[in-house]
A.B. asks: 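One structure, pasted below without further comment.
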Amino acid sequence: MNLGLGGLFWVVLQRDLMVAMRRWSDICNPVIFFVLVVALFPLALNPRAEFLRALAPGVLWIAALLAALLSLNQLFRADIEDGTMEQLLTLPYPLGLVILAKTLAHWLVTGLPVVVVAPMLAITYHLPADAIGILLLSLLIGTPTLSLLGSIGAALTAGLRQSGVLLALMVGPLMLPVLMLGARATDIALSGDDPTGPLYLLGALLALALSLAPPAAAMAIRISAD
Amino acid sequence: MITFNNLFQKRILVQDGAPPGWRFREVELLTGTGLTLWRGANCLFDKLSFSAAPGGALLIRGPNGSGKTTLLRVIAGLTLPEEGEVHGNGAPLSRRDESGRHVMAYCGHATALKPDLTTLENLRFFARLSGYPTDSLGELLAASGLVACADLPARVLSAGQKRRAAFARVLMSGARLWLLDEPQTNLDSAGRQFLERMLQEHLATSGTAVIVAHQAVDLGSAPTAVLQMGETA
Amino acid sequence: MSEFFAMGGYAKYVWSSFGVTAIVLILNLLAARRQLRQTRERLQLRLVRQSGRKVNT
Amino acid sequence: MWTWFFQLASPPHFYRMAASLVPWLLWPALLLILVGAWGGLVLAPADYQQGEGYRIIYVHVPSSYLSMMVYVTMAVAAGIGLIWRIKLAHAVAASCAPVGATFTAAALITGMLWGKPMWGTYWQWEPRLTSELILLFLYFGYMSLRSAFNDLNQSDRASAVLALAGVVNVPIIHFSVLWWAGLHQGPSISKIDAPSIAFAMLWPLLVMILGFTLFFLGILAMRVRGEVLEREFHSRWAQDVLRGVSRVEAA
């Protein structure tokens with residue numbers, strides 16, 4: 001076949017991005033939700049600078065995790081409903097790669113905007129510049145892991161009618177290590193210590209998720225499409 | 001007038017390294033043996049066997065809920081049977097042949113069109129996946145009567161037009177095994193003729209087709225077997 | 001004897017721990033029995049309905 | 001050898017065997033648990049640091065051990081069911097979840113009851129309790145996914161994928177919780193110094209663990225019977241069992 005594996009990856013990625021671009025509101029929703037959650041804390045708790053600064057790593061990471069959970073529901077749902085998944089399943093290509101391309105597309109349109117907006121929100125929490133850098137880095141390594149873990153859950157629930165809370169319940173506990181490491185890395189940077197340890201661990205989790213999540217999600221999507 | 005063979009010939013020209021005449025070589029004998037599947041407490045089929053020779057068609061008939069669609073999905077490998085296997089020439093049905101081509105084209109109830117993409121964009125995606133030259137998409141659209149809606153988003157297409165687009169996808173795949181689930185649904189008489197002509201040419205070139213159909217399909221002189229479902233074994 | 005039950009001042013915690021665990025064990029036993037019985041009744045009902053309709057095989 | 005194995009794994013034989021196995025598991029389990037409780041509550045001496053309060057470990061440790069052991073059993077069974085498409089394995093996985101969840105809850109509650117006199121508070125975000133809490137969520141996720149499907153076959157396979165994803169995550173969660181807790185507090189009071197534990201304290205614990213394990217296996221055998229019957233409903237032997245005319249049942 002003319003289309004190699006790289007070509008397959010690219011074709012699927014490009015198509016998913018194109019579909020996403022036609023639906024601007026869907027792309028914006030997770031980011032708006034992220035901003036909203038982050039904005040709730042100073043309003044509900046206490047807007048003092050030193051208090052917010054101590055809160056910032058945790059709040060930003062929790063909001064990023066919630067935004068990721070919220071957006072996951074749609075990852076494979078449309079493809080299952082309109083029959084695209086049947087076509088992808090009967091193709092002679094490794095399904096894991098297709099899943100990986102779709103997950104990357106999903107992260108680019110929902111995860112990446114969150115990562116981009118996060119530093120601006122961190123400023124409103126009076127976070128110092130070097131801690132913001134670490135926050136950005138930890139989100140950049142951590143949120144793709146969240147999307148990959150979420151792809152398993154999204155694949156399992158893609159055929160179910162009501163799945164929002166179920167998805168969060170299933171995938172949430174699996175995402176906790178990422179949350180703990182990411183928030184802690186930023187926290188360590190905030191207190192002036194060296195955060196490379198948790199960042200390396202986050203990288204290791206990303207590598208693990210990259211290799212294990214797509215085949216698991218592929219297995220799950222075959223079951224959901226059955 | 002463009003015939004479908006023309007479309008295929010064009011593909012052969014762009015296919016590098018493919019053996020000459022590969023479209024016409026001996027094609028697999030499709031067989032299903034001892035297929036058994038239960039859905040909850042209902043038995044859809046029990047120890048079902050069938051075969052379809054190259055150049056021949058297998059029509060699956062039966063009342064609603066008798067498991068026709070499920071059987072087609074089993075052949076496509078979308079649904080796992082509890083027992084039994086689907087074979088091509090005695091070996092498990094692979095998804096691509098030696099020349100790297102797709103073995104099967106599945107056309108289910110859902111048309112796999114993204115409502116927000118135009119017809120052309122939708123088809124281009126599948127063309128790229130199956131290695132069909134994207135510059136001949138225009139001819140394919142003309143042949144399937146979709147020129148007028150090529151640049152319309154798929155959501156405004158009528159049900160019949162969507163089905164024609166799905167047929168165009170089947171044609172692009174160049175697969176020797178076609179699995180069509182009630183292909184006549186929503187088609188006008190011209191669409192029906194288009195479908196029948198497309199099937200006749202496919203079968204005449206040693207293709208195989210498994211069709212779930214309620215109405216009669218004119219397949220010309222092609223040998224046709226009928227599999228009646230939903231009767232006590 | 002009362003010294004034993006007093007558990008050196010920890011009575012509340014020790015006895016409620018053992019109590020909770022005992023309840024969990026007993027509940028597991030009852031739930032397992034109920035599950036088997038209910039499954040059986042449900043399947044028997046399904047069997048009766050099915051033989052009434054006389055479908056498949 | 002192999003014929004024996006296949007006979008064992010065939011659903012009707014398993015159904016019959018499980019029934020005869022139940023009393024052989026549950027009665028010794030009861031005996032062991034009573035002996036262990038007597039040993040733990042009466043025979044074992046009080047701890048020089050924690051006084052009589054340490055006796056909670058005789059129910060806490062077996063519960064938390066089971067909570068993890070059951071999860072691993074469930075995941076292994078789910079994996080076997082998924083790969084070799086064995087319904088019996090799926091039945092085992094399905095039976096594990098509710099049992100494991102209740103023991104996780106028991107481990108959490110007894111852990112909290114131990115924490116109140118030792119830490120002065122019921123809840124401390126320390127690694128064991130935190131891991132146990134996350135494990136409880138994993139069980140809940142598994143069970144609610146299982147109940148979300150209408151088709152049992154689909155439900156079996158989908159929840160198996162989740163169980164496998166969960167079991168890969170369990171050590172990751174465990175170590176990240178350990179690492180995370182290490183940052184926050186000094187070394188928490190170790191419950192018992194493992195090497196120096198007196199034999200008089202240790203044997204009731206081991207007896208309890210064995211008793212709990214046998215109890216779990218007994219409950220598992222009971223539950224698997226129902227699950228097997230459900231999955232084999234359309235087979236001849238299961239219908240005979242249901243009609244009450246079966247030799248399988250009589251034996």
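In the text below, chain A, chain B and the rest are named by the order of the sequence lines, each starting its count at 1. Keep in mind that what you see is a predicted model, and the values were worked out from it rather than measured.
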A.B. asks: Could you pull out the closest heavy-atom pair between A:Met180 and D:Val177, with the gap in Å?
C.D. replies: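 Heavy-atom minimum between the residues: CE-CG2, 3.7 Å.
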
A.B. asks: For a 4.5 angstrom cut-off between non-hydrogen side-chain atoms, does A:Pro198 reach D:Trp179?
C.D. replies: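 Side chain of A:Pro198 against side chain of D:Trp179, heavy atoms only: contact under 4.5 Å found.
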
A.B. asks: In terms of heavy-atom proximity below 4.5 Å to chain D, should A:Leu174 be classed as side chain, backbone, both, or neither?
C.D. replies: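 Backbone plus side chain of A:Leu174, per the 4.5 Å heavy-atom cut-off to chain D.
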
A.B. asks: What part of A:Leu167 lies closer than 4.5 angstrom to a heavy atom of chain D: side chain, backbone, both or neither?
C.D. replies: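 It is neither, since no heavy atom gets under 4.5 Å.
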
A.B. asks: Report yes if the side chains of D:Ile172 and A:Leu208 come closer than 4.5 Å at any heavy-atom pair, otherwise no.
C.D. replies: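 With C-beta onward as the side chain, the pair touches.
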
A.B. asks: Side-chain contact, heavy-atom cut-off 4.5 Å: A:Met170 with D:Tyr142?
C.D. replies: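 No, every pair of side-chain atoms sits at 4.5 Å or beyond.
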
A.B. asks: With a cut-off of 6.0 Å (strictly less than), are more than 12 heavy atoms of other residues, nucleotides or ligands near CZ of A:Phe51?
C.D. replies: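 For A:Phe51, atom CZ is crowded (more than 12 foreign heavy atoms under 6.0 Å).
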
A.B. asks: What's the verdict on side chain to side chain contact (heavy atoms under 4.5 Å, CB included) for D:Leu82 and A:Met219, showing C-alpha distance, side-chain angles and the deciding distance?
C.D. replies: CA-CA 10 Å; D:Leu82 197 62; A:Met219 213 191 298; 3.1 Å; yes

A.B. asks: Highest number of heavy-atom pairs under 4.5 Å with chain A: which of D:Asn153, D:Val168, D:Asn169?
C.D. replies: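 Among the listed options, the one with the most contacts to chain A is D:Asn169.
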
A.B. asks: For the residue pair A:Leu169 and D:Leu145, establish whether any side-chain heavy-atom pair is separated by less than 4.5 Å.
C.D. replies: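 No, their side chains stay 4.5 Å or more apart.
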
A.B. asks: Set out, in order, the CA-CA distance, both residues' side-chain angles and the distance that settles side chain to side chain contact (heavy atoms under 4.5 Å, CB included) for A:Ile152 and D:Leu162, then state yes or no.
C.D. replies: CA-CA 8 Å; A:Ile152 303 175; D:Leu162 184 66; 5.6 Å; no

A.B. asks: Could you pull out the closest heavy-atom pair between D:Ala148 and A:Leu160, with the gap in Å?
C.D. replies: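 Looks like O-CD2, 3.4 Å.
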
A.B. asks: More than 12 foreign heavy atoms under 6.0 Å from CG of D:Asn150: is that the case here?
C.D. replies: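 Incorrect, the count does not exceed 12.
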
A.B. asks: Is it the backbone or the side chain of D:Val170 that comes under 4.5 Å from a heavy atom of chain A, or both, or neither?
C.D. replies: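 Neither part, no heavy atoms under 4.5 Å.
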
A.B. asks: Can you tell me which of A:Leu212, A:Leu205, A:Leu166 forms the most heavy-atom pairs within a distance under 4.5 Å of chain D?
C.D. replies: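 Ranked by heavy-atom pairs under 4.5 Å with chain D, first place is A:Leu166.
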
A.B. asks: Above 12 or not: heavy atoms from other molecules or residues under 6.0 Å from CZ of D:Arg236?
C.D. replies: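 Incorrect, the count does not exceed 12.
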
A.B. asks: To check you understand the geometry: which heavy-atom pair defines the closest contact between D:Leu138 and A:Pro173, and what is its length?
C.D. replies: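 Closest approach of D:Leu138 to A:Pro173, heavy atoms only: CD2-CB, 3.7 Å.
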
A.B. asks: Can you find a heavy atom in the side chain of D:Trp180 that is under 4.5 Å from one in the side chain of A:Leu181?
C.D. replies: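 SC-SC contact between D:Trp180 and A:Leu181 ruled out.
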
A.B. asks: Side chain, backbone, both or neither: which part of A:Leu156 has an atom under 4.5 Å from a heavy atom of chain D?
C.D. replies: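 Both backbone and side chain.
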
